[in-house]
Enquirer: 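For reference, the structure I am asking about is given below.
Note that the structure is a prediction, hence the values are computed from the model and not measured.
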Amino acid sequence: MRWMLAGCWGLVLISLSVADNKKLQLRQKPRFYGVTVNSNVPIYCSSSRQDNSTVQWFKANKIGDEQTPLSTLIDDNIKFQNHGFMQKAYLYITKIQMRHSGVYYCMINDTQGPGTEVNVFRPVVMEKALYRSNVKDGLIVFQGFLLAVFIAALFLRKQKLWEQRDSEYEEPETDHIYEGLAIETCGGGLYEELSVYAQAEGAEAPWE
């Protein structure tokens, strides 16, 4: 009987030891925030068991970037709060600003939470948004007009060059070699004068 009791106590001690040695797990809620400037943001961190270790908070610009301890940052907008034996911890960001965008992690000993991403946006003013949209549309139309003018000027320039090239290579008209020659310039006795140079019949040519 004693041996049975000793065995039961041994099993209880073993189970308690295994439970104590179980790896610490951290959870963060929520996992994402999308808020406007001057909002209040709470981030909740809980552990799988009670632990009297100190909870530390870290921030990174984005997932995978180098993490900076929040304890080293001087920021009056960030506050910490712990409950119980560090089983629950809160991070409060009051009147959040654009600089607070990033990923926040809680850590106990060497165990780190999954992280909470915070994106901060500026509030949208409809009048300014419509004005910027109209200005953008006007710039697009103006750019299209300038492009059309440039293309038209380019085509006109090419057309002038083609016309000039065609005029340079135009074939000149063929002039008659006797144009402007008058018969009376020969004195009216063209055939009579030619007879002076005619040789008599039977005369020998100089080359004969």
Side-chain angles (χ1 to χ4, degrees), residues 28-43 57-70 72-78 91-105 112-198 207:
Q28 288 186 227
K29 295 181 180 180
R31 297 295 304 277
F32 176 81
Y33 267 118
V35 297
T36 57
V37 175
N38 293 327
S39 300
N40 296 327
V41 174
I43 300 176
W57 290 90
F58 295 82
K59 179 190 174 184
N61 293 329
K62 60 182 180 180
I63 298 176
D65 284 0
E66 183 180 357
Q67 302 176 13
T68 303
L70 291 180
T72 61
L73 300 178
I74 301 176
D75 196 328
D76 296 333
N77 299 77
I78 298 178
L91 171 66
Y92 291 101
I93 306 177
T94 59
K95 295 183 178 180
I96 196 167
Q97 301 298 318
M98 296 294 295
R99 67 176 184 274
H100 294 123
S101 295
V103 184
Y104 293 84
Y105 301 92
Q112 181 175 278
T116 298
E117 184 176 359
V118 178
N119 286 337
V120 184
F121 305 94
R122 295 189 183 277
V124 178
V125 180
M126 291 303 299
E127 294 180 357
K128 293 183 178 179
L130 291 175
Y131 175 75
R132 288 194 294 266
S133 178
N134 293 333
V135 170
K136 184 177 180 181
D137 293 340
L139 290 175
I140 293 174
V141 172
F142 181 69
Q143 289 176 354
F145 175 74
L146 288 179
L147 181 61
V149 171
F150 175 77
I151 294 175
L154 183 61
F155 275 112
L156 289 175
R157 176 63 177 170
K158 286 187 176 180
Q159 185 177 2
K160 289 182 179 179
L161 291 176
W162 290 336
E163 292 178 354
Q164 183 179 1
R165 185 179 302 174
D166 292 340
S167 63
E168 290 177 355
Y169 288 98
E170 185 178 357
E171 294 183 0
E173 296 181 359
T174 304
D175 296 332
H176 198 279
I177 56 177
Y178 298 108
E179 184 178 358
L181 182 61
I183 298 299
E184 52 269 21
T185 55
C186 299
L190 174 62
Y191 297 101
E192 291 80 356
E193 293 176 359
L194 290 176
S195 61
V196 176
Y197 301 96
W207 55 84

Enquirer: Any heavy-atom pair between the side chains of Y104 and I93 that's under 4.5 Å?
Expert: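 Yes; the side chains approach each other to less than 4.5 Å.
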Enquirer: Partners of N38 by side chain to side chain donor-acceptor pair (under 3.5 Å), sequence neighbours excluded?
Expert: Q97
Enquirer: Give a yes or no on this: more than 12 heavy atoms of other residues, nucleotides or ligands lie within 6.0 Å of atom CG of D137.
Expert: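 Atom CG in D137 is packed in, count exceeds 12.
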Enquirer: Can any side-chain N or O of N61 pair as donor or acceptor with the backbone N or O of G102 at less than 3.5 Å?
Expert: no
Enquirer: Can you sort out the partners of R99 under salt bridge (charged side-chain N to carboxylate O under 4.0 Å, His left out), two or more places apart, ordered by chain and number?
Expert: D75
Enquirer: Do V35 and I96 come within less than 4.5 Å of each other through their side chains, counting heavy atoms only?
Expert: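 The answer is yes; the side chains approach within 4.5 Å.
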Enquirer: How many angstroms lie between atom CZ of F145 and atom CZ of F150, to the nearest 0.5 angstrom?
Expert: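 Result: 14.5 Å between the selected atoms.
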Enquirer: I'd like to check the side chain to side chain contact (heavy atoms under 4.5 Å, CB included) partners of L139; sequence neighbours left out, ordered by chain and number.
Expert: V135
Enquirer: So with a 6.0 Å cut-off around CZ of F32, is the heavy-atom count from everything else above 12?
Expert: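 Counting neighbours around CZ of F32, more than 12 heavy atoms of other residues, nucleotides or ligands fall under 6.0 Å, so yes.
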Enquirer: So, taking the atom named NZ in K95 and the one named CG in D76, what distance separates them when rounded to the nearest 0.5 Å?
Expert: 11.5 Å
Enquirer: Quick check for you: to the nearest 0.5 Å, what is the distance between S101 atom OG and K62 atom NZ?
Expert: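 Those atoms lie 13.5 Å apart.
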Enquirer: Which heavy-atom pair separates F121 from G34 by the least distance, and what is that distance?
Expert: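 Minimum heavy-atom contact is CE1-CA, 4.1 Å.
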Enquirer: Which heavy atom in T94 sits nearest to a heavy atom in N40, and how many Å separate them?
Expert: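 That closest heavy-atom pairing would be CA-OD1, 3.3 Å.
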Enquirer: So which atom in P30 and which in P42 form the shortest heavy-atom distance, rounded to 0.1 Å?
Expert: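 Of all heavy-atom pairs spanning P30 and P42, the closest is CD-O, 4.0 Å.
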Enquirer: I'd like to check the side chain to side chain donor-acceptor pair (under 3.5 Å) partners of S39; sequence neighbours left out, ordered by chain and number.
Expert: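 With sequence neighbours excluded, S39 shows a side chain to side chain donor-acceptor pair (under 3.5 Å) to T36, given in chain and number order.
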Enquirer: Please list all pairs passing the side-chain hydrogen bond (donor to acceptor under 3.5 Å, both in side chains) test where one or both residues lie in residues 115-126, with sequence neighbours left out.
Expert: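 Only Q28-T116 qualify under side-chain hydrogen bond (donor to acceptor under 3.5 Å, both in side chains).
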Enquirer: Quick one: list whatever passes side chain to side chain contact (heavy atoms under 4.5 Å, CB included) with E66, sequence neighbours left out.
Expert: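 For E66 there are no side chain to side chain contact (heavy atoms under 4.5 Å, CB included) partners, ignoring immediate neighbours.
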Enquirer: Would you please name every residue forming a side chain to side chain contact (heavy atoms under 4.5 Å, CB included) with I63, sequence neighbours left out?
Expert: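 Applying side chain to side chain contact (heavy atoms under 4.5 Å, CB included) to I63 gives V103, Y105.
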Enquirer: Are the side chains of V120 and V41 in contact, using a 4.5 Å heavy-atom criterion?
Expert: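 SC-SC contact between V41 and V120 ruled out.
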Enquirer: D65: which residues meet the side chain to side chain donor-acceptor pair (under 3.5 Å) condition with it, sequence neighbours left out?
Expert: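 D65: no side chain to side chain donor-acceptor pair (under 3.5 Å) contacts found.
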Enquirer: Going through the checks in order, is the side-chain contact (heavy atoms from CB on, under 4.5 Å) test met by W57 and I43?
Expert: CA-CA 11 Å; W57 290 90; I43 300 176; 3.9 Å; yes
Enquirer: For L154, give me all partners under side chain to side chain contact (heavy atoms under 4.5 Å, CB included), at least two apart in sequence or on another chain.
Expert: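 Per chain and number, L154 pairs via side chain to side chain contact (heavy atoms under 4.5 Å, CB included) with K158.
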